[in-house]
Protein chains: 2
Amino acid sequence: MSPAPRTTRQRTAVADLLSRVDGFRSAQELHELLRREGASVGLTTVYRHVQALADAGEVDVLRHEDGEAVYRRCASPAHHHHLVCRACGRSVEIEGPAVERWTSQVAAEHGFTDVQHTLEVFGTCADCA
Amino acid sequence: MSPAPRTTRQRTAVADLLSRVDGFRSAQELHELLRREGASVGLTTVYRHVQALADAGEVDVLRHEDGEAVYRRCASPAHHHHLVCRACGRSVEIEGPAVERWTSQVAAEHGFTDVQHTLEVFGTCADCA
DNA sequence: CAGCAACTGACAACCGTTGTCAAAACCAGG
DNA sequence: CCTGGTTTTGACAACGGTTGTCAGTTGCTG
Ligand SMILES: [Zn+2]
Ligand SMILES: [Zn+2]
Ligand SMILES: [Zn+2]
Ligand SMILES: [Zn+2]
């Protein structure tokens with residue numbers, strides 16, 4: 001089984017930052033924020049931790065239109081989706097039981113198995129409008 | 001205004017291939033398929049046409065988990081989503097009026113404007129299972 | 001206080017994609 | 001048909017986000 005990860009200054013710094021920040025941020029943005037705070041962490045290391053957290057399900061990942069991955073620590077550990085501001089990245093966790101039902105139903109109708117889905121809603125938030 | 005694009009061998013080859021192929025394919029896959037058919041087209045040119053078709057709304061684009069863009073000529077010009085096979089790329093166009101209503105409603109509730117959404121369903125199709 | 005395994009980070013490599021630009025192909029107008 | 005200009009093409013280089021490398025550092029355990 002996987003060995004427990006060590007608690008290093010860098011790991012803590014990345015995890016803490018993700019807890020403090022509101023909205024989805026790219027690895028490079030997080031790297032830059034850390035550098036400004038003085039708690040400098042190598043870019044490679046930021047990538048590693050951010051991915052480890054994603055694998056552990058502690059942060060959510062989604063992709064910008066250009067393919068860049070952005071990360072966010074969400075309040076809910078349960079399956080949910082996001083309403084994301086295009087301008088500032090701020091986001092709201094949303095749930096839609098009806099959508100969940102619909103996706104698995106339509107997939108079954110077409111004989112698909114191992115079904116997953118991605119659903120994100122993008123817009124401009126009130127502050128950015 | 002934009003000048004009408006010329007009908008060249010390459011443009012026709014890419015458009016035809018997209019019409020014949022069932023499922024989402026990357027620019028590189030399309031390039032390779034064309035090369036095998038003998039109708040060789042430069043990779044750069046494939047990228048250009050595939051993007052032009054996407055801009056014109058004639059093909060749908062979505063992104064694989066790793067960020068690679070894949071393209072497909074869909075039967076319906078109207079807004080729709082996809083049920084995509086992870087293994088072979090084959091896909092079915094799906095519509096969910098309820099989902100459309102739900103997304104705009106929840107976005108409005110949170111004061112978001114200019115709302116768009118992405119929704120794709122991934123699974124393993126019957127043939128690939 | 002070892003001593004070893006895990007972690008770090010500067011750097012290079014990777015890969016999909018986009019920019020460049022000279023050569024080739026289209027398409028009027030003559 | 002030619003011919004001139006405009007568009008298109010494609011080999012190649014550059015780009016940007018991400019991942020691999022590996023020697024040096026750091027936590028942790030015994
Ligand atoms: Zn905003
Ligand atoms: Zn869901
Ligand atoms: Zn399949
Ligand atoms: Zn929709």
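Numbers restart at 1 for each chain; the letters A, B, ... are given by sequence-line order, proteins then strands. What you see is a predicted model, and the numbers here were worked out from it, not measured in a lab.
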K.L.:
Checking only heavy atoms, does the side chain of A:R6 share a donor-acceptor pair with the base of D:dC28 at less than 3.5 Å?
P.N.:
no
K.L.:
Listed in order of residue number, which residues of residues 17-43 of chain B have a non-hydrogen atom at under 4.0 Å from DNA chain C?
P.N.:
B:Q28
K.L.:
Is there a donor N/O on one and an acceptor N/O on the other, under 3.5 Å, for the side chain of A:R9 and the base of D:dT26?
P.N.:
no
K.L.:
Does D:dT9 have OP1 or OP2 sitting under 4.0 Å from an N or O in the side chain of B:H49?
P.N.:
yes
K.L.:
Does A:Q10 place a side-chain N or O at less than 4.0 Å from the phosphate oxygens OP1/OP2 of C:dC7?
P.N.:
no
K.L.:
Both B:T8 and A:T45 contact DNA chain C. Taking the nearest nucleotide for each, which residue is further toward the 5' end?
P.N.:
A:T45
K.L.:
Do A:H82 and A:F24 make the cut of ring centroids closer than 6.0 angstrom?
P.N.:
yes
K.L.:
Just verifying a value: how many Å separate A:T118 OG1 and B:F122 CZ, rounded to the nearest 0.5 Å?
P.N.:
5.0 Å
K.L.:
Name the residue closer to the 5' end of DNA chain C, choosing between A:R11 and B:T7 according to the nucleotide with the nearest heavy atom.
P.N.:
A:R11
K.L.:
Examine the base of C:dG16 for any acceptor or donor lying under 3.5 Å from a partner atom in the side chain of B:R63, and report the outcome as yes or no.
P.N.:
no
K.L.:
With ring centroids as reference points, do B:H79 and B:H117 lie under 6.0 angstrom apart?
P.N.:
yes
K.L.:
Report the distance from atom OG1 of B:T113 to atom CZ of A:R86, rounding to the nearest 0.5 Å.
P.N.:
8.0 Å
K.L.:
How many angstroms lie between atom CD of B:Q116 and atom OG1 of A:T124, to the nearest 0.5 angstrom?
P.N.:
9.5 Å
